[in-house]
Amino acid sequence: MDYTPNTIEPKWQKYWQDNASFKASMDSSRKKFYCLEMFPYPSGKIHMGHVRNYTIGDVYSRFKSLSGFNVMHPMGFDAFGQPAENAAIKHNTKPDIWTRRCIDAMKEELKKMGLSYDWDREVSTCDSTYYKWNQWIFLKMFEKGLAYKKASSVNWCPACETTLANEEVIDGGCWRCHTEVIQKDLDQWYLKITDYKERLLEDLNKLSEWPSRVITMQTNWINKSKGVEIFFKVKDTDTIIPVFTTRVDTIFGATYIVLAAEHPLAKELIKGKAEEPKAQEFIKATIAKSSVVRSKEDIKKEGVFTGSFAINPVNNEAIPIWIADYVLMEYGTGAIMAVPTHDQRDFLFAKEHNLPMRVVIKPQDKALVVEDMQEAYTSGGVQVNSGEFDGLDNETAKEKIASWMEDKGIGKIQEHWRLRDWLISRQRYWGTPIPIVYCDNCGIVPVESDNLPVELPKDAPFTGEGGSPLGKVAEFVNVPCPKCGEPSRRETDTMATFFDSSWYFLRFTSPLCNDLPFDKEQAKYWMGVDQYIGGIEHAILHLLYSRFFTKFFKDLGLIELDEPFKKLLTQGMVLKDGEVMSKSKGNVVDPDSVIKKYGADSLRLFILFAAPPEVELEWDDRAIEGAFKFLNRVWRIKDNLIEKLDSNTEKALHKAIQKVTQDYESFKFNTAIASLMELVNVIYKTGIDKNGYLKLLVLLSPIAPHMSEELNSLLGEKDAITKKAWPQFDKEKIKEETVNIVIQVNGKVRANIEVDSSITEEDLKQLALGNDNVIKWTLNKPAKKIIVVKNKLVNIVV
RNA sequence: GGGCAAGUGGUGGAAUGGCAUACACGAUGGACUUAAAAUCCAUUGGUCGCAAGAUCGUGAGGGUUCGACUCCCUCCUUGCCCACCA
């Protein structure tokens with residue numbers, strides 16, 4: 001009988017479903033294991049990235065389950081978002097209909113992969129039973145002052161007609177449609193994630209099982225830096241311009257000041273000056289450009305003189321005040337002190353506009369002359385031209401100048417954080433309505449939590465143009481004020497979808513809970529997520545937001561833990577011909593067609609065997625055949641089972657159990673598969689008995705679950721393979737009586753001997769010295785030194 | 001510009017201080033077959049050699065060590081993330 005995955009696989013998928021093989025229930029007598037892969041956006045079709053992500057999670061999950069853990073392995077859909085709106089417009093349907101269809105299609109494909117999900121826990125963020133709790137969480141945040149409204153200039157995508165968080169702007173374009181982003185003033189809802197910045201930074205220390213690069217990226221994102229806010233007085237006035245710097249050691253070299261075009265003082269300073277008309281025009285032109293466009297490196301650093309001067313408080317020098325496009329209002333105080341000799345941006349600007357320069361830090365061993373400088377000197381060195389601080393090294397000077405300025409009241413030591421508040425408003429239809437009402441009498445009024453959910457109207461008109469579709473639905477917008485009952489208007493913005501995905505892992509613990517976002521008892525048992533698996537592209541935003549929400553829930557008393565994800569694996573991308581698979585490059589391999597041809601087991605095997613999980617994986621059409629061939633090889637063993645296992649094969653089996661177990665545990669699936677292949681190669685030479693074969697099948701079952709179940713059942717086993725126990729290896733059986741010892745002379749391998757593993761060091765030395773080849777290579781020279789590494793090698797140095 | 005990875009046969013990769021290239025793909029040869037496919041077996045880093053064997057070899061150069069793909073320094077290349085963050 002041949003191996004026919006197309007008949008075997010649906011059969012076992014049905015069996016698992018009918019027998020609720022992967023249903024997880026709380027059982028405090030058993031050790032739990034919560035294995036989670038990042039839930040997908042339901043595009044309707046899975047791609048190889050999904051296959052890789054979910055196969056890794058599935059193998060680990062099945063391995064943990066066979067090892068005795070009470071495993072929870074849920075799956076759901078991150079179903080709100082803009083593509084549904086675009087698709088609905090394109091296909092003349094409605095986002096919810098389109099999304100539900102996509103979810104069904106995608107679920108079918110996921111099931112065809114044979115993934116061991118507890119589908120009873122499925123959640124879709126577009127269900128009102130889910131987004132009701134988004135609204136509840138939002139109201140709690142509003143109550144605690146963590147959700148607030150701010151009128152501000154925001155990134156605006158003209159194509160999507162929606163605001164974007166800075167984090168969502170990629171290379172000056174919208175992260176989804178790549179249209180160039182412009183600036184627009186809107187009243188926006190923000191979440192005050194900055195209230196949690198200390199904890200978000202501090203608690204990174206607790207995440208010892210996260211990849212260090214993700215920790216580094218988060219640290220840099222939150223980025224705490226120490227510096228000094230310096231007070232520059234505008235000459236002949238009482239106006240103060242505060243300026244923040246991390247390089248206070250360069251303060252004596254400040255030769256001008258630069259304000260952002262948006263700086264509130266900019267217009268005031270130019271008033272009545274000869275420079276006013278030119279400066280006015282510059283300000284207007286600069287504000288029109290978005291921050292992202294302005295931040296492009298190739299843009300020339302433009303600026304105008306304001307006609308005003310500032311007094312440098314450390315030496316009372318009057319220095320010119322400029323306005324320039326390279327200074328951004330959002331950072332620091334929106335004004336900088338420029339030190340062209342020691343900052344490259346200032347250097348270029350000063351050269352361009354002929355501004356003065358002065359060296360205040362010079363290298364240890366030589367002089368630094370302004371006229372000879374081709375670029376700013378940004379390294380450390382010795383203070384010069386810095387008054388009483390001359391001669392100090394600049395790091396010491398930094399400390400001393402800072403406290404000296406603070407004592408004199410001309411500066412203030414400050415912490416500066418890079419992390420900013422999180423903009424969650426979207427002028428979109430397909431998202432969670434923000435549960436807020438605007439009343440002429442009462443102002444901003446939260447919807448009563450008893451009246452949640454604020455349902456998304458099913459038939460809002462949207463064309464993709466002209467702002468919020470919800471604003472056009474009268475019966476949605478016009479409601480009585482929850483406080484005074486007078487006619488008022490609902491908020492028509494919806495929430496960014498990152499909100500939805502910031503707590504779904506908690507909802508999985510009790511997806512039907514209807515009095516809180518999640519059940520406290522269930523969450524206490526199942527949380528935190530023992531293993532989280534997903535793409536490196538989520539290393540900052542999604543993980544940071546999820547950490548923020550978790551800390552917020554802790555503060556509400558809903559959970560006890562600080563961090564949601566104990567262990568994190570970031571899988572590498574799937575490439576074809578050295579490039580990321582993408583529709584635009586036309587190099588996409590459709591998983592479904594591979595499953596049709598070779599079966600899900602072969603696809604799973606290939607994707608794990610081709611590379612370790614963390615690194616990029618190169619798709620290879622031929623190697624998938626190799627995976628299929630290997631499964632056939634395992635399949636055929638069933639026809640040639642022998643009665644009695646010989647001791648060498650038995651040893652090979654036990655060694656494989658040891659190696660495969662270790663490798664699964666540490667996500668080294670590629671080498672685990674290699675060991676299984678080696679074992680199969682041995683079996684082809686010597687044969688194996690039924691008992692040994694069954695063990696091999698259990699070892700293989702996390703990777704090729706369908707075939708393993710089929711063979712297990714063909715051999716007459718009553719229990720499904722998912723109910724079996726993980727094989728244990730016997731230490732006695734893998735004990736080696738003899739070991740191979742490498743003999744080196746001066747570090748070069750010259751001989752190889754087989755010795756009893758209990759041999760003493762002295763005997764081994766003598767044996768090595770007496771070896772013919774060793775004698776040949778030592779040429780009777782006396783050994784200067786002999787290094788013996790137990791059970792491995794002898795190195796004779798002559 | 002900053003940060004983080006990575007660089008090993010024709011290819012994917014293995015080895016984290018101790019026999020470099022496990023396992024697989026591909027290739028070549030053989031067995032089976034009327035034949036092909038499938039399957040099974042063997043060979044497969046370079047150079048020299050009939051062979052035994054020698055010698056070179058993990059991006060480049062240096063260092064530490066009895067011994068380095070592995071640790072350290074300098075450089076090169078590629079990828080990813082971030083970026084006028086003051």
Side-chain angles (χ1 to χ4, degrees), chain A residues 2 167 170-171 211-217 219-221 223 225 227-228 243-248 250 258 260 291-292 294-297 299 301 324-328 330-339 343-346 348-349 378 416-420 536-537 539-540 570 572-573 575 578 580 605-606 609-612 614-627 629-630 632-633 636 668 670-678 680-681 684-685 740-752 773 783-789 791-798:
Chain A
D2 285 341
E167 297 89 330
I170 296 157
D171 291 334
S212 60
R213 66 167 165 161
V214 175
I215 299 286
T216 309
M217 283 158 96
T219 305
N220 292 343
W221 191 258
N223 192 21
S225 58
V228 179
V243 156
F244 180 80
T245 182
T246 54
R247 289 295 308 274
V248 74
T250 64
V258 190
S291 61
V292 233
R294 276 160 64 187
S295 70
K296 276 188 186 160
E297 213 167 339
I299 295 221
K301 300 194 185 318
D325 60 0
Y326 79 102
V327 173
L328 302 181
E330 299 94 85
Y331 301 117
T333 60
I336 62 154
M337 63 168 200
V339 186
D343 182 288
Q344 185 60 17
R345 292 155 303 184
D346 298 342
L348 292 174
F349 190 80
T378 53
H416 182 73
W417 297 76
R418 185 185 178 281
L419 182 72
R420 275 164 296 138
I536 186 72
E537 67 273 19
I540 298 176
T570 51
M573 285 183 294
L575 310 181
V580 178
L605 178 68
F606 163 75
F609 184 51
E614 300 87 351
V615 305
E616 288 172 344
L617 181 150
E618 176 73 27
W619 178 265
D620 187 340
D621 285 322
R622 288 181 299 201
I624 179 86
E625 287 194 43
K629 258 157 71 173
F630 172 68
N632 273 287
R633 243 167 109 75
R636 281 190 297 271
K668 289 156 99 179
N670 55 334
T671 51
I673 293 165
S675 319
L676 289 172
M677 286 173 166
E678 281 177 87
V680 168
N681 289 342
Y684 262 71
K685 290 204 172 70
N740 191 277
I741 301 286
V742 173
I743 302 173
Q744 299 180 329
V745 178
N746 288 338
K748 281 198 190 288
V749 181
R750 296 302 179 189
N752 238 302
N773 250 327
K784 244 197 276 180
K785 197 171 170 186
I786 301 174
I787 288 126
V788 179
V789 181
N791 287 347
K792 259 185 190 152
L793 106 172
V794 179
N795 187 12
I796 299 156
V797 188
V798 295

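Just so we're on the same page: letters track the sequence lines, and every chain starts at 1.
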Asks: Using the C1' atom as the point on both nucleotides, what is the distance between B:U39 and B:A35, in whole Å?
Replies: 16 Å
Asks: To the nearest 0.5 Å, how far apart are CE in A:Met337 and CZ in A:Phe244?
Replies: 10.5 Å
Asks: Just verifying a value: how many Å separate A:Met217 CE and A:Ile215 CD1, rounded to the nearest 0.5 Å?
Replies: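 Rounded to the nearest 0.5 Å, the CE-CD1 separation comes to 11.5 Å.
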Asks: Taking syn as a glycosidic torsion within 90° of 0 and anything else as anti, which one is B:G9?
Replies: syn
Asks: Closer than 4.0 Å, any side-chain N/O of A:Arg418 to the OP1 or OP2 of B:A83?
Replies: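 Yes, A:Arg418 has a side-chain N/O under 4.0 Å of OP1/OP2 on B:A83.
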Asks: What closest approach, in Å, do A:Asn795 and A:Gly747 show between heavy atoms, and which atom pair accounts for it?
Replies: OD1-N, 3.0 Å
Asks: Taking only residues two or more places apart in sequence or in another chain, which ones pass side-chain contact (heavy atoms from CB on, under 4.5 Å) with A:Lys785?
Replies: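 In terms of side-chain contact (heavy atoms from CB on, under 4.5 Å), with neighbours along the sequence ignored, A:Lys785 is linked to A:Ile787, A:Val797.
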Asks: Could you run down the sub-3.5 Å N/O contacts of the protein with nucleotides 62-72 of chain B?
Replies:
| unit_1 | atom_1 | unit_2 | atom_2 | d |
| --- | --- | --- | --- | --- |
| B:C66 | OP1 | A:Lys785 | NZ | 3.3 |
| B:C66 | O2' | A:Asn795 | ND2 | 3.4 |
| B:C66 | O2 | A:Asn795 | ND2 | 2.3 |

Asks: Select base, sugar-phosphate, or nothing to describe what A:Asp343 touches, counting heavy atoms under 4.0 Å on all strands.
Replies: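 Here A:Asp343 touches no strand at all.
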Asks: Between B:U58 and B:G53, how far apart are the C1' atoms? Round to whole Å, please.
Replies: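 About 24 Å, rounded to a whole number of Å.
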Asks: Closest approach of A:Ala260 and A:Val327, non-hydrogen atoms and distance?
Replies: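 Closest approach of A:Ala260 to A:Val327, heavy atoms only: CB-O, 3.4 Å.
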Asks: In whole angstrom, give the distance that lies between atom CZ of A:Arg420 and atom C1' of B:A86.
Replies: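 Between C1' of B:A86 and CZ of A:Arg420: 14 Å.
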Asks: Work out how far the C1' atom of B:G7 is from that of B:A14, and round it to whole angstrom.
Replies: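 B:G7 and B:A14 have their C1' atoms separated by 16 Å.
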Asks: Does A:Asn791 have a side-chain nitrogen or oxygen under 4.0 Å from the phosphate oxygens OP1 or OP2 of B:G18?
Replies: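 No, no such contact exists.
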Asks: A:Phe609: what forms a ring pair (Phe, Tyr, Trp, His ring centres under 6.0 Å) with it, not counting sequence neighbours?
Replies: none
Asks: May I ask you to decide if the ring planes of A:Trp619 and A:Phe606 are parallel, tilted or perpendicular, using 30° and 60° as cut-offs?
Replies: perpendicular
Asks: Taking only N/O atoms, report every protein-nucleotides 38-40 of chain B pair under 3.5 Å with atom names and distance.
Replies:
| unit_1 | atom_1 | unit_2 | atom_2 | d |
| --- | --- | --- | --- | --- |
| B:U39 | O3' | A:Arg636 | NH2 | 3.1 |
| B:C40 | OP1 | A:Arg633 | NH1 | 2.6 |
| B:C40 | OP1 | A:Arg636 | NH2 | 3.2 |

Asks: Residues in side-chain contact (heavy atoms from CB on, under 4.5 Å) with A:Glu614, at least two apart?
Replies: A:Leu569, A:Pro612
Asks: Say you pick atom C1' in B:A20 and the same atom in B:C56; how far apart are they, in whole Å?
Replies: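 Here B:A20 and B:C56 have their C1' atoms 13 Å from each other.
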Asks: Can you tell me, in whole Å, how much space there is between the P of B:U70 and that of B:G59?
Replies: 8 Å
Asks: Which residues pass the side-chain contact (heavy atoms from CB on, under 4.5 Å) test with A:Asn681, sequence neighbours left out?
Replies: A:Arg633
Asks: For the pair made of CG in A:Leu676 and P in B:C23, what is the distance, rounded to whole Å?
Replies: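 Distance, rounded to whole Å: 14 Å.
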Asks: What interatomic distance, in whole Å, is found between P of B:C84 and the corresponding atom of B:G67?
Replies: 49 Å
Asks: Which helical stems does RNA chain B take part in, if a stem means at least 3 consecutive Watson-Crick or G-U pairs with both distances below 3.5 Å?
Replies: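 Stems (3+ consecutive pairs) listed as B:1-7 with B:76-82, B:10-12 with B:23-25, B:26-31 with B:39-44, B:45-48 with B:53-56, B:59-63 with B:71-75.
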Asks: Taking only residues two or more places apart in sequence, or in another chain, which ones meet A:Arg636 in a side chain to side chain donor-acceptor pair (under 3.5 Å)?
Replies: none
Asks: Where along nucleotides 3-17 of chain B does protein come under 4.0 Å, by heavy atom, of base (B) or sugar-phosphate alone (S), with - for untouched nucleotides?
Replies: SS-------BSSS--
Asks: Taking the same atom, P, in B:A15 and in B:A24, what whole-Å distance lies between them?
Replies: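 These two P atoms come out 15 Å apart once rounded.
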Asks: Suppose we screen for side chain to side chain donor-acceptor pair (under 3.5 Å). Which residues come up paired with A:Arg247, at least two apart in sequence or across chains?
Replies: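 Residues passing side chain to side chain donor-acceptor pair (under 3.5 Å) with A:Arg247: A:Asp249.
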Asks: How close do A:Ala611 and A:Val615 get, heavy atom to heavy atom, and via which atoms?
Replies: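 Between these two residues, the closest heavy atoms are CB-CG2, 4.0 Å.
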Asks: List the steps, then state whether side-chain contact (heavy atoms from CB on, under 4.5 Å) holds for A:Val742 with A:Asn752.
Replies: CA-CA 5 Å; A:Val742 173; A:Asn752 238 302; 4.2 Å; yes
Asks: Please figure out whether A:Gly334 or A:Met677 has its closest RNA chain B nucleotide nearer the 5' end.
Replies: A:Met677
Asks: Can you identify which nucleotide, out of B:C19, B:A86, B:C84, has its nearest atom closest to the A:Tyr326 side chain?
Replies: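 Output: B:C84.
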Asks: Taking all atoms of both residues into account, what is the closest heavy-atom pair of A:Val258 and A:Ala338, and its distance?
Replies: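 That would be CG2-CB, 4.3 Å.
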Asks: Using a cut-off of 4.0 Å on non-hydrogen atoms, how would the nucleic acid contact of A:Asn740 be classed: base, sugar-phosphate, or nothing?
Replies: base
Asks: Rounding to an integer number of angstrom, what distance separates B:U78 and B:U8 when you compare their C1' atoms?
Replies: 15 Å
Asks: Consider the side chain of A:Val789, meaning its heavy atoms from C-beta on, and name the nucleotide among B:A22, B:A86, B:G18 that approaches it most closely.
Replies: B:G18
Asks: What does the list of N/O pairs under 3.5 Å between the protein and nucleotides 54-58 of chain B look like, with a distance for each?
Replies:
| unit_1 | atom_1 | unit_2 | atom_2 | d |
| --- | --- | --- | --- | --- |
| B:U55 | OP2 | A:Arg750 | NH1 | 3.3 |

Asks: Can you name the residues that form a side-chain contact (heavy atoms from CB on, under 4.5 Å) with A:Glu616, not counting sequence neighbours?
Replies: A:Met573, A:Leu575
Asks: Testing the basics here: between A:Ala627 and A:Leu605, what is the closest heavy-atom pair and its distance to 0.1 Å?
Replies: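 Taking every non-hydrogen atom into account, O-CD2, 3.4 Å.
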Asks: Does a side-chain heavy-atom distance below 4.5 Å link A:Thr245 with A:Val339?
Replies: no
